[in-house]
Amino acid sequence: MSDIIQLLPDHVANQIAAGEVVQRPASVVKELLENAIDAGATNIKLLLKDAGKTLIQVIDNGKGMSTTDARLCFERHATSKIRSAQDLFNLHTKGFRGEALASIAAIAHVELKTKTEEDELGNHIKIEGSKIGSQDFAATPTGTSIAVKNLFYNIPARRNFLKSDAVETRHIIDEFQRVALAHPEISFLLHHNGNEVYHLQSDNLRKRIVSIFGAKMNEKLVPIDEQTDILSMVGFVTKHEYSKKKRGEQFFFVNDRFIKSAYLNHAVVAAFDGLLEQGSHPSYFLYLTVPTKSIDINIHPTKTEIKFDNEKDLYAIIRATIKHSLGQYNVAPVLDFNRDSNLDTPYDYSKKALASAPKIAVDPNFNPFVKQEQKRVHIPVKQEQDWEVLYANLEPSKTEQQEELFENESKRDTGKTFQIQKKYVLSSIKSGIVLIHQSLAHQRILYEEFLEAITVKEANSQQLLFPVKINFSSAEIEMIYTIKSDLENAGFVFDEFTKESITIAGIPTSITESQISQVMEQLLEDINLEIPDASFSHFDIMAKSFAKTLAIKTGKYLSEKEQETLVHDLFSCKEPNVAPNGKATFKTLTLHELDSLFTS
Ligand code: ADP
Ligand code: MG
């Protein structure tokens, strides 16, 4: 048999390699931006047309390339960044594979203009499908401009595979943000189809984050700063009350390189230790510097995953540092970060026998505030302690107070409260004053009560004298039927399901008969909104929905007794600081802050 093995021609090899490096326009953006940074640029412009499908151009003021380098840079394995395999263990640049430009030039029309400081004239090269079309001298500023046109023009399958402009633009913006966040000292400009999308001045990190994510971000940031022998970490996390339903602004940079790490992400989330609502995510911008020798960036072709020598130590440091910073910056005096974290786990669903029928109790004179009174003795000691911190100055001594709480709750003196504009309740605390949003606070209280009722305790139900028949659409009935047993756990008793109506014979004690249809409607709406997120529990949605519907509203007058009850019950909650919707339930003003209002 004759010899059949041949070496692939370069342009074919480059096209194959390109498949690995360039998946979409955003990959080109990443490579070009990184090259500009490696070239020492302080000013980088990114110009796009049609989500990068027609044009991706990066213009930098970096060191530029000589005539020979300008030609060589498109060769495979042409790199100025490493010379030996040993250099791989001491990388200080983003690139090192010498593959990006060769790959890009294999699958697009590329035009390069570049000039070094020393040269009078620069170079202008056109290259298509790995073939140099022209190379001329040209007048051009110091630095480099690379225009990549008609990406995948010679690989139709790839081109057709690209997503809509909106999706590809999103990917590009993600890459752009990562690079811009990694280098706040560099100014960036991003234009898309002639419109300015970002104009970022050289700035400090906080300002860079704010100019990318908007002015609202500023108040959300908690600074992080820690130096140890194996790791230095600076950056920001967002306060827990600003956590998001969608995992969004989460950035880890290691030695200025954006990376993804589920493990380190876990360390950050763990630092929030029970503060996050189920299914919500904090934002973070964390910059880790580790010795270059302790990481291996080479395990992933697009280099967003890296391997650490000492992952476990990093985990511990990250978690502890963030936890500490959150503790320091949290305005809430009720938080105690040394408490037993077992107590922070959500209500234990498993403790409740789901099938058990709710107890029926008729209570026509139901009043939510009276009920709170009776309930108090059940509140675990631990929470009373948290609550107590806030009122420490008003009470004779901690232990005395605790005993009193359990012996005769109603005797407790919380100090004066005031209702303001039928919206807020003001009360004094050890360190100053606390201003409580009555409706949001009540939502938090009811939410925790419902959640507990649904998941842990046996729900109290009141039997209706006359069962109530409510009409629904068939889709709604279907929906209610699927969560029937959850609703029963919450205290509903159903009599009959037909095609267009449901008959209800019993309801949770915390609801009045006139509120039934309102509660059900709101619940259906909330379930519809949440359903795309399948990980969400019905219990949680139900508890939130009920709390929203039933909480006292702004505009409701509260007696002094009711105000006190509200304050007490709020600070008996597991997470008093935020309403179920994530908004703050109260703000504190310290004496110091009050004083500063009067000194100018
Ligand atoms: P790598 O970045 O891995 O070295 P690339 O294919 O991205 O490989 O680039 C090849 C070489 O071209 C780089 O090592 C660098 O010397 C040069 N180069 C690329 N882009 C620029 C730029 N914007 N300014 C100056 N030199 C550049
Ligand atoms: Mg590169």
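As the structure lists them, so they are numbered: ligands from 1, and atoms in each ligand from 1. Side chains are part of it too, since the values below use all heavy atoms of this structure and drop only hydrogens, waters and symmetry mates.
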Of all the heavy atoms in Gly62, does at least one lie under 4.0 Å from an atom in ligand 1?
->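 Contact check Gly62 vs ligand 1: negative.
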Report yes or no: does Glu99 have a heavy atom closer than 4.0 Å to ligand 1?
-> yes
Which segment of Ala39 sits under 4.0 Å of ligand 1 when only heavy atoms are counted | side chain
Should the proximity of Thr79 to ligand 1, defined as any heavy atom under 4.0 Å, be assigned to the side chain, the backbone, both, or neither?
->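 The answer is both, backbone and side chain.
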Check: [X] N/O within less than 3.5 Å of ligand 1 N/O:
{"X": "Leu101", "value": "yes"}
{"X": "Asn35", "value": "yes"}
{"X": "Lys63", "value": "no"}
{"X": "Asp60", "value": "yes"}

Are [X] and [Y] ion-paired here, with the side-chain N under 4.0 Å from a carboxylate O?
{"X": "Glu128", "Y": "Lys131", "answer": "no"}
{"X": "Lys149", "Y": "Glu111", "answer": "yes"}
{"X": "Arg24", "Y": "Glu168", "answer": "yes"}

Identify, with sequence neighbours excluded, every residue that meets side chain to side chain donor-acceptor pair (under 3.5 Å) alongside Ser80.
-> none
Check whether any N, O or S atom of Asn35 sits under 2.8 Å from the Mg ion (ligand 2).
->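 Yes.
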Inspect the surroundings of NZ in Lys53 and state if more than 12 heavy atoms from other residues, nucleotides or ligands are less than 6.0 Å away.
-> yes
Apply side-chain contact (heavy atoms from CB on, under 4.5 Å) to the pair Asn123 and Lys113, showing each step before the final yes or no.
-> CA-CA 6 Å; Asn123 289 272; Lys113 283 183 188 168; over 6 Å; no
Among Ser145, Cys73, Ala102, which one has a heavy atom closest to atom 12 (O) of ligand 1?
-> Cys73
Which of the numbered atoms in ligand 1 are under 4.0 angstrom from any heavy atom belonging to [X]?
{"X": "Gly64", "result": "25 (C)"}
{"X": "Ala100", "result": "6 (O), 7 (O)"}
{"X": "Met65", "result": "17 (C), 18 (N), 21 (C), 25 (C), 26 (N), 27 (C)"}

By salt bridge (Lys or Arg N to Asp or Glu O under 4.0 Å), Arg444 pairs with (sequence neighbours left out) Glu448, Glu575
Does the gap between the ring centers of Tyr315 and Tyr263 come in under 6.0 Å?
-> yes
Any side-chain heavy-atom pair from Asn577 and Glu241 closer than 4.5 angstrom?
-> no
